[in-house]
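Beneath this line is the structure, given in structure tokens, with notes to follow.
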Protein chains: 2
Amino acid sequence: MANQLNLSIDRSSPVPLYHQVVQGIEAAIHTGILEPGSRLDNEIDLAAQLNLSRPTMRKAMDELVRSGLLVRKRGVGTQVVSSQVRRPLELSSLFDDLSNNGAKPTTDVLTFSHDEADDPTREALHLPRGAMVYHFTRLRKVGGKPLALMENWVRDDITPLTEELLGSQGLYSVLRNGGVNFRLATQRIGAVVANEYQATQLDTVPGSALVTMERTAVDDTGRNVETGHHVYRADSYSFEMTLVQR
Amino acid sequence: MANQLNLSIDRSSPVPLYHQVVQGIEAAIHTGILEPGSRLDNEIDLAAQLNLSRPTMRKAMDELVRSGLLVRKRGVGTQVVSSQVRRPLELSSLFDDLSNNGAKPTTDVLTFSHDEADDPTREALHLPRGAMVYHFTRLRKVGGKPLALMENWVRDDITPLTEELLGSQGLYSVLRNGGVNFRLATQRIGAVVANEYQATQLDTVPGSALVTMERTAVDDTGRNVETGHHVYRADSYSFEMTLVQR
DNA sequence: TATGTCCGCTTGATAGGACATACTGCCTTT
DNA sequence: AAAGGCAGTATGTCCTATCAAGCGGACATA
């Protein structure tokens, strides 16, 4: 019983073949054509069906295994993971995440300055003494309701930042448009209770629970572009992720 | 100026060649032989130096790029990421994490039962009506200081669980010894303020900040093996991770 | 009938080649 | 001298091939 994937591979597309396969199988899983727990045909047959070589097919399946949609067992086969897999934590800003989910986030820029970096910031961004950074705090709302209070520091030798830019789109979007290719980020997630200031800004009461995130992002040239400290209302936000065993 | 990696590849070892290369380069980076920001030789030369084929070399470098230790740019080359990369969030238990860091964790089993699963648990573990599960709560301490309060549910058709087992080692260790091969887990991290019970157990005061984690783990046969809800003292624990852009 | 061995199926690992594409820097041209 | 094009280099993609290793069922034997 071969499962018909009905994928169409466009060899003239600039999209790599293996990635077209990834997208096709992802779509098949999400639309239910491939049911959770069902077994796929073996790699060689699948490659033959799509007129691809086995390594290309394997590369596609590797990605799907890494993202947790498939599990492979030698000598047995490959099957669709039964549970619904969440998207992994993306290297994107909260703004993008919310927009992608159909929400309409807004941003209030509370403070904005262009100053000499203090010691912790210099260390986080690997900057020399006397270097300048943008420093700003923003309040992110969804549907008029405050969700996150964000304080960030960005090195100033990349692209000019203005209050207007930050008020209209996400930080990562601004930086990407400025030519930054993010490669990785280190982040730490914890918890605190809201102080007076945070409670006021987030429209809650002092003593309520907040999720905290500290993040430093690195671009493809190895520069530490941005570091920040964010707090989120715990009743409105949590970090969800999928871990895959290597 | 070729950098001499001085890797020795053992072709008779059962460890795959590409993984030996991964380990070798990881070691070189951690010992400082490869400095942050330095460029590696190109793939073809490296493969030649180690008497490997280019695909094998690429597979090794792929892993290192994925884990965030290297960045590659087409037409330019591959370089060591400047910032120190933390270990990614592993699919392991808190007990293992602490042990690996040299700590000596202890576990108090507060409650332990073998009951019929309630509705939320049946849904989380994809169990039929009337299925039985182990249900237990544990208190994890380090150096006598309470760190985490953990409540878990485990399906009972895998391996027998006892209070004694859970008191002496981590849950994941017990399950792995029972033949479970974990493949992935979905988890959600948030925050709450401690209630009276949590505060008492964790030796803190009601109203202090706690980090929460809910997790469901899936094994290589697609079974949802374990689900749980943990709370950690926010002053002693946070989740640290590295995100890599794909 | 029960047990142990073997074989076929499937994924895992490795090799080597060919061509595509992006980036850098040099060289030519204006 | 500045701007544009071109060549070199490195990674990206894709192919054909081959052997290794784990798993499960079939088959033969005690």
Side-chain angles (χ1 to χ4, degrees), chain A residues 1-3 9-23 25 38-66 70-81 179-181 183 219-222 245-246, chain B residues 1-3 7 9-23 25 38-66 70-81 179 181 183 219-222 245-246:
Chain A
M1 173 219 64
N3 38 34
I9 302 297
D10 177 7
R11 302 189 83 93
S12 67
S13 160
V15 177
L17 300 183
Y18 70 86
H19 200 252
Q20 292 185 39
V21 176
V22 168
Q23 292 173 327
I25 296 182
S38 64
R39 267 202 303 284
L40 271 66
D41 287 347
N42 70 58
E43 300 174 345
I44 297 176
D45 285 353
L46 278 178
Q49 287 172 30
L50 299 175
N51 274 97
L52 297 171
S53 72
R54 190 181 158 213
T56 301
M57 195 65 215
R58 272 185 69 77
K59 179 151 188 178
M61 295 173 84
D62 270 345
E63 292 225 355
L64 293 163
V65 169
R66 258 190 296 162
L70 300 180
V71 291
R72 288 195 285 201
K73 276 175 79 176
R74 189 191 295 201
V76 179
T78 305
Q79 64 176 175
V80 180
V81 168
V180 175
N181 299 309
R183 272 306 145 91
D219 77 353
D220 59 357
T221 66
Q245 179 80 352
R246 296 180 298 179
Chain B
M1 172 221 64
N3 39 33
L7 299 184
I9 301 298
D10 177 6
R11 300 188 85 92
S12 67
S13 160
V15 178
L17 299 181
Y18 71 86
H19 200 251
Q20 292 185 39
V21 176
V22 168
Q23 292 173 326
I25 295 182
S38 63
R39 268 202 303 283
L40 271 66
D41 288 346
N42 71 58
E43 300 173 345
I44 297 177
D45 286 352
L46 278 178
Q49 285 172 32
L50 299 175
N51 275 97
L52 297 171
S53 70
R54 188 183 165 213
T56 301
M57 196 65 216
R58 269 187 72 76
K59 180 152 188 179
M61 295 173 84
D62 270 345
E63 291 227 353
L64 292 162
V65 168
R66 257 189 298 161
L70 301 180
V71 291
R72 288 195 284 201
K73 275 174 79 176
R74 189 191 294 201
V76 179
T78 305
Q79 65 177 171
V80 180
V81 167
N181 299 308
R183 273 305 145 93
D219 77 353
D220 60 358
T221 66
Q245 179 79 351
R246 295 182 299 179

Sorted by chain and residue number, the side chain to side chain contact (heavy atoms under 4.5 Å, CB included) partners of A:V76 (sequence neighbours excluded) come out as A:K73
Can you list everything that forms a side chain to side chain contact (heavy atoms under 4.5 Å, CB included) with A:R54? Sequence neighbours excluded, please. A:E43, A:I44, A:R58
Between A:Q20 and A:D10 (side chain of the first, backbone of the second, donor and acceptor by atom type, cut-off under 3.5 Å), is there such a pair? yes
Flag side-chain contact, heavy atom, 4.5 Å: B:V21 against B:T56: no
Restricting to side chain to side chain contact (heavy atoms under 4.5 Å, CB included), what partner residues turn up for B:N51, sequence neighbours left out? none
B:L70 and B:V80, any side-chain heavy atoms less than 4.5 Å apart: yes
Listed by chain and number, what are the side chain to side chain contact (heavy atoms under 4.5 Å, CB included) partners of B:D45, not counting sequence neighbours? B:D41, B:N42, B:Q49
Students should find that the nucleotides of DNA chain D closing off the region near chain A, any atom under 4.0 angstrom from a heavy atom, are D:dT13 to D:dC23
Contacts of B:T78 that satisfy side chain to side chain donor-acceptor pair (under 3.5 Å) - sequence neighbours left out: none
Side chains of A:V65 and A:V71: does their closest heavy-atom pair fall under 4.5 Å? no
Only counting residues at least two apart or in another chain, list the ones meeting side chain to side chain donor-acceptor pair (under 3.5 Å) with A:D219. A:T221, A:R223
Could I get a table of every N or O pair under 3.5 Å where one atom is in the protein and the other is in nucleotides 25-28 of chain C?
none

Rounding to 0.5 Å, atoms CD (B:Q23) and NE2 (B:H19) come to a distance of 5.0 Å
Are any non-hydrogen side-chain atoms of A:L46 and A:L50 less than 4.5 angstrom apart? no
For nucleotides 7-16 of chain C, read 5' to 3', which letter fits each nucleotide if B means a protein heavy atom sits under 4.0 Å from the base, S means only the sugar-phosphate is that close, and - means neither? ---BBBBSBB
If a pair means Watson-Crick or G-U wobble with both distances below 3.5 Å, what does DNA chain C look like in dot-bracket form, with | marking bases paired to a different strand? ||||||||||||||||||||||||||||||
